Amino acid sequence: MTADSSKNERYNAREAETRWQHVWDERGIYATKNDDPRPKYYVLEMFPYPSGRIHMGHVRNYTMGDVVARYKRAMGNAVLHPMGWDAFGMPAENAAIDRKVHPKEWTYANIATMKKQLQSMGLSLDWAREIATCNPSYYKHQQKMFLDFLKAGLVERKQSKVNWDPVDHTVLANEQVIDGRGWRSGAVVEQRELTQWFFKISDYSEELLTALDTLDRWPDKVRLMQKNWIGRSEGLLLRFMLDPGTAPNKETELEIFTTRADTLFGAKFMALAPDHPLAQAAAAKNPKLAAFIEQCRHMGTSQAAIDTAEKLGFDTGIKALHPFDPTWKLPVYVANFILMDYGTGAIFGCPAHDQRDLDFVNTYGLGNTPVVCPPGQDSKTFVITTTPYDGDGRMINSRFLDGMTNEEAKEAVAKRLERETRGNRPVAQRQVNYRLRDWGISRQRYWGCPIPIVHCNKCGVVGVPEKDLPVTLPEDVNFDKPGNPLDRHPTWKNVKCPKCAASARRETDTMDTFVDSSWYFARFTDPWNEKSPTTPAAVNAWLPVDQYIGGIEHAILHLLYSRFFTRAMHKTGHTGMDEPFAGLFTQGMVVHETYRSKSGDWVEPANVKIDGIGDARHATLATTGEPLEIGSIEKMSKSKKNTIDPDDIIAAYGADTARWFMLSDSPPERDVIWTEEGVQGAWRFVQRLWRMVGEIADVSGPSTRPTEFGPQSQKVRKAAHGALSHVSDDIAKLRFNRCVAHIYEFANALSDAIGEAETAPAPDLAWALRESGDILVRLFHPMMPHLAEECWAALGHKTLVATEAWPALEPDLLVENTITLPVQVNGKKRADVTVARDAGKADIEAAVLALDAVIKALDGKRPKKVIVVPQRIVNVVA
RNA sequence: GCGGACGUGGCGGAAUGGUAGACGCAAGGGACUUAAAAUCCCUUGGGAGUAAUCCCGUCCCGGUUCGAGUCCGGGCGUCCGCACCA
């Protein structure tokens with residue numbers, strides 16, 4: 001076959017891509033109808049925050065979703081594949097402060113830019129369903145649901161802490177607290193108590209936990225992370241008597257929660273959260289304690305900040321009496337690592353078996369007594385110094401518990417104390433506790449969904465009547481001063497009470513942006529409904545999302561909140577199901593090498609020249625030749641300047657090349673390293689496919705399928721159907737990198753076949769080559785849709801490949817008559833044996849023992865055993 | 001600190017407990033070309049040997065197994081999340 005072809009000019013990606021995008025657009029082939037009778041498939045990628053421009057992480061995420069969407073369409077499904085904007089959030093306010101641009105203007109400009117960028121990627125999205133969460137047409141429904149949740153008892157107001165910047169007089173997000181100081185002012189942050197709105201997600205702790213078992217298409221690691229986050233623990237509520245003379249206001253007891261009642265005889269101290277009522281009472285009479293509690297307030301509110309801070313305490317002078325020995329007095333401390341939110345805000349400390357407690361006693365010289373002896377340890381010599389023992393074992397130093405296992409001891413303690421009563425209550429009660437806290441949704445910020453509440457002096461908290469929704473954000477705001485512009489707006493918050501018409505104030509807090517993203521997937525099913533958040537027929541037909549794809553960083557919060565919100569919507573009649581996402585896939589990040597100059601400045605990859613290989617690799621500044629340090633491979637970020645702009649890549653190579661490369665190198669759940677060589681490899685493959693298809697297009701095959709295929713045709717057909725089988729399987733399981741490898745293998749086999757063919761191949765081969773071409777194009781279409789359309793047309797088809805069915809597999813072609821099995825001797829491979837596909841074990845064994853290599857390895861001895869694993873391997877045990 | 005993951009050639013990676021290194025990249029050699037680009041062909045984990053072939057190799061140390069990259073225990077290293085970033 002000659003290489004001369006009318007189609008051997010290079011593929012012009014840029015020209016072809018915009019051309020095909022117009023064709024798809026004009027024919028509206030990606031618009032989804034809610035009355036489509038075919039089996040539904042809802043594929044969704046986590047919608048982006050409109051930060052300015054799309055980044056490579058978006059390209060990776062949306063390409064994966066698009067592959068699934070296109071594959072499912074080809075498989076005959078009605079596919080819902082929408083896109084929108086998670087458009088509220090702090091960066092818009094930061095832009096307003098830093099650049100004097102209104103958050104709304106900034107956000108919509110970003111949306112316009114990013115929409116254009118996404119469109120240039122050739123994604124098969126139904127843009128008619130586009131939503132932006134900052135649009136009142138979206139958030140008015142969210143306000144309606146807030147009020148419905150309120151009526152259903154799913155919302156409450158309570159106190160909680162925020163990071164307070166005492167200089168800027170503003171609430172800070174955890175990410176705005178750097179080393180305990182405000183990011184703009186540099187002032188040491190304080191904790192402040194505010195009355196805030198909460199969704200009662202903790203009502204669903206058990207339900208959210210047990211239902212994880214039903215999510216069998218979620219990654220195990222995400223389910224495990226959620227399980228640990230919910231943190232169910234079975235323990236004991238236990239009332240300690242206080243030594244009467246020591247209590248500040250004649251308090252008689254202190255109630256604690258423990259999961260380690262077995263270690264009660266190892267107790268060395270009691271500890272209270274700084275906010276605990278008893279701590280507060282003691283502080284009122286002790287200025288030094290009050291000062292200590294004040295000091296605890298100068299700590300960030302994040303868990304990591306609390307856990308990594310030095311364990312500090314203050315002895316209140318109060319003594320608690322041991323439940324099994326009233327003469328045993330334990331000192332009561334206030335400690336900075338005890339949380340008021342968890343359990344009762346008080347604990348007993350057993351330093352020998354808990355790291356935090358041990359750190360604490362080592363600071364305050366309270367000592368420790370081991371009470372659980374690890375198996376195999378001598379109880380007489382077992383001591384604890386710097387590492388506590390938190391495993392199971394036998395009880396020691398524990399009076400009546402001695403000799404029991406620690407699990408038996410837990411039971412014994414519980415049984416004894418729950419029978420004892422003081423007042424009308426038992427001294428101890430078994431209790432199931434959860435780490436999961438209620439979801440605080442109040443934010444003291446402008447750019448978020450207003451909470452539809454009016455505060456009236458007479459009527460209290462009043463919901464805004466439905467007819468007055470949406471409560472829209474005022475646009476005439478300024479960001480000259482720190483703090484919430486809604487709060488200092490001259491008129492916006494002044495309203496009449498909906499109940500009594502007296503002067504009242506609007507709630508000026510807005511909602512956490514996680515609320516916006518907790519139901520957008522439901523809104524996509526009918527974004528045109530102006531009357532209510534969802535349309536039952538649509539939402540119940542489309543949900544749950546069949547395949548949800550997004551970053552692992554959302555493994556806990558976004559996904560857990562959405563699971564709760566869907567249940568809350570169910571309870572209030574907005575959905576008919578509990579779980580929003582039947583299938584979940586979490587993809588890895590896009591990372592890139594970093595480069596630094598001698599002076600420590602980061603350098604963009606575009607300005608770096610790399611020479612040498614392996615250890616000899618070195619980098620220089622392209623312009624001056626100044627040597628650069630090659631740094632670690634890190635998540636692309638503006639601060640490290642290791643970003644690649646998708647626009648540049650699409651302009652230089654086209655969207656298909658970028659899409660292909662994003663899928664090709666790494667397993668999708670793992671990080672992928674962006675390299676220039678990798679992109680060029682993808683680009684060469686695009687051109688190679690185009691040339692190959694051109695050569696196949698020149699072959700004129702018979703119009704009807706031949707009845708017989710010769711060896712050459714058989715070989716290429718096996719390659720085609722083998723690839724079809726693998727690629728189908730790989731896409732269905734989202735193993736895109738393997739899918740790419742199989743397409744490469746098929747392309748290699750096909751170019752061999754083309755190379756071996758005569759100028760005018762026999763009809764059976766010509767037919768097989770054309771069949772292979774048709775299969776090849778449809779196989780890579782989900783990944784490179786523009787190139788696929790161009791190739792499909794080049795092969796003479798008048799249809800769009802985007803609307804074509806997936807190729808039909810001929811399974812007979814995958815079956816071989818003989819198989820070659822590897823032969824091991826003592827687990828090491830020594831030879832191969834080729835046998836009939838259906839050969840019995842005895843036949844295989846005989847064939848194996850006759851092999852020269854086996855005879856030599858056995859050296860005349862009889863084999864002890866021959867293990868034949870059907871279709872797999874033979875192992876001779878000598 | 002707590003929770004979760006990951007670790008295989010020069011590089012990204014492949015491998016239902018069953019031939020370690022598919023496929024791609026990079027590198028080296030060759031063909032074509034006045035030359036270059038592009039393209040095509042060959043080689044490519046390390047070591048020994050003319051060769052057939054053999055030995056060593058999946059972060060480290062142990063264990064289970066006929067057989068371990070894969071399972072179990074203990075280390076080391078890297079990364080992610082931690083409730084007001086999205």
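Letters A, B, ... mirror the listed sequences (proteins, then strands); counts begin at 1. Since we're looking at a predicted model, the values are computed, not measured.
- Rounded to whole Å, the distance from CG on A/D390 to C1' on B/C2 is 12 Å.
- Counting distance only, with no hydrogens placed and no angle test, the side-chain atoms of A/E553 and the base atoms of B/C82 include no donor-acceptor pair under 3.5 Å.
- Judged by distance alone, with hydrogens and angles left aside, A/E175 brings no side-chain donor or acceptor close enough to the base of B/C84 to form a pair under 3.5 Å.
- Note: CZ (A/F514) to P (B/C85) measures 8 Å, nearest angstrom.
- Under the 90° criterion around 0 for the glycosidic angle, B/G10 counts as anti.
- With both pairing distances under 3.5 Å, B/G73 is matched to B/C61 as a Watson-Crick or G-U wobble pair.
- Nucleic acid contact for A/G440: sugar-phosphate only, since backbone atoms but no base atoms lie under 4.0 Å from a heavy atom of the residue.
- Between A/Y389 and A/H353, the ring planes lie perpendicular to each other; the angle is over 60°, past the 30° to 60° tilted range.
- Residue A/K828 places at least one side-chain N or O under 4.0 Å from the OP1 or OP2 atom of B/C56.
- At the heavy-atom level, A/T308 lies under 4.0 Å from base atoms of the strands shown.
- Residues passing the side-chain hydrogen bond (donor to acceptor under 3.5 Å, both in side chains) test with A/T107 are A/W447, sequence neighbours excluded.
- The residue A/P48 sits apart from the nucleic acid: no heavy atom pair falls under 4.0 Å.
- Residue contacts shown for A/H554 include a base, since a base heavy atom lies under 4.0 Å away.
- Of the candidates B/U39, B/C85, B/G67, B/U39 carries the atom nearest the A/R691 side chain, counting heavy atoms from C-beta on.
- Taking the six-membered ring for Trp and thresholds of 30 and 60 degrees, A/Y204 and A/F564 have ring planes more than 60 degrees apart, a perpendicular arrangement.
- To the nearest angstrom, P of B/C84 lies 13 Å from CD1 of A/I556.
- Checking the phosphate oxygens (OP1, OP2) of B/C80, no side-chain nitrogen or oxygen of A/R670 falls inside 4.0 Å.
- Between A/K221 and A/Q687, it is A/K221 whose nearest contact on RNA chain B lies nearer the 5' terminus.
- Spacing of P atoms, B/A83 relative to B/C25, comes out at 44 Å, to the nearest Å.
- Residue A/N174 has a polar side-chain atom (N or O) positioned under 4.0 Å from OP1 or OP2 of B/A83.
- Contact annotation: A/R738 side-chain N/O to B/A14 OP1/OP2 distance is not under 4.0 Å.
- B/G3 is paired with B/C80 under the Watson-Crick or G-U wobble criterion, all donor-acceptor distances under 3.5 Å.
- Regarding A/E676, its CD atom lies at a distance of 14 Å from the P atom of B/C25, rounded to whole Å.
- The side chain of A/A173 sits closest to B/C84 out of B/C84, B/A5, B/A14.
- In the set B/G1, B/C54, B/A83, B/A83 carries the atom at the smallest distance from any side-chain atom of A/L557.
- In this entry B/U39 has B/A31 as its Watson-Crick or G-U wobble partner, both defining distances falling under 3.5 Å.
- At a cut-off of 3.5 Å, with distance as the only test, no side-chain donor of A/Q226 or A/W218 sits close to an acceptor on the other residue.
- Dashed line: the shortest gap from a side-chain N or O of A/N228 to OP1 or OP2 of B/G81 is not under 4.0 Å.
- In this structure, CG of A/N826 is placed 11 Å from P of B/A68, rounded to the nearest angstrom.
- A straight line from CG of A/L689 to C1' of B/G24 spans 14 Å, rounded to a whole angstrom.
- Taking the six-membered ring where the residue is Trp, A/H554 and A/F514 present perpendicular rings, their angle passing 60° and hence far from 30°.
- One finds a side-chain N or O of A/T513 lying less than 4.0 angstrom from the OP1 or OP2 phosphate oxygen of B/A86.
- At a threshold of 4.0 angstrom between heavy atoms, the contacts of A/N748 are confined to the sugar-phosphate backbone, with no base atom among them.
- For B/A83, neither phosphate oxygen OP1 nor OP2 lies less than 4.0 angstrom from any side-chain nitrogen or oxygen of A/R435.
- Taking atom P on both B/C82 and B/U65, the two are 44 Å apart, rounded to the nearest angstrom.
- Side-chain proximity of A/I867 to B/G12, B/G3, B/G18: nearest is B/G18.
- Toward the 5′ end of RNA chain B lies the nearest nucleotide of A/M225, the other residue of the pair A/M225 and A/Q680 mapping further downstream.
- Ring geometry, A/H558 versus A/Y548: the interplanar angle falls from 30° to 60°, so the pair is classed tilted.
- Judged by distance alone, with hydrogens and angles left aside, A/R445 brings a side-chain donor or acceptor within reach of the base of B/C84, the pair sitting under 3.5 Å.
- One interatomic measurement links the two molecules: CG of A/D357 to P of B/C2, which rounds to 13 Å at whole-angstrom precision.
- Nucleotide B/A5 holds its P atom 18 Å from the CD atom of A/Q587, rounded to whole Å.
- Between the side chain of A/R872 and the base of B/U16 there is at least one donor-acceptor pair of N/O atoms closer than 3.5 Å.
- Using a 4.0 Å heavy-atom criterion, one finds that A/Q444 contacts the bases of the nucleic acid, with or without backbone contacts as well.
- Using a 4.0 Å heavy-atom distance criterion, A/V171 is classed as a base contact.
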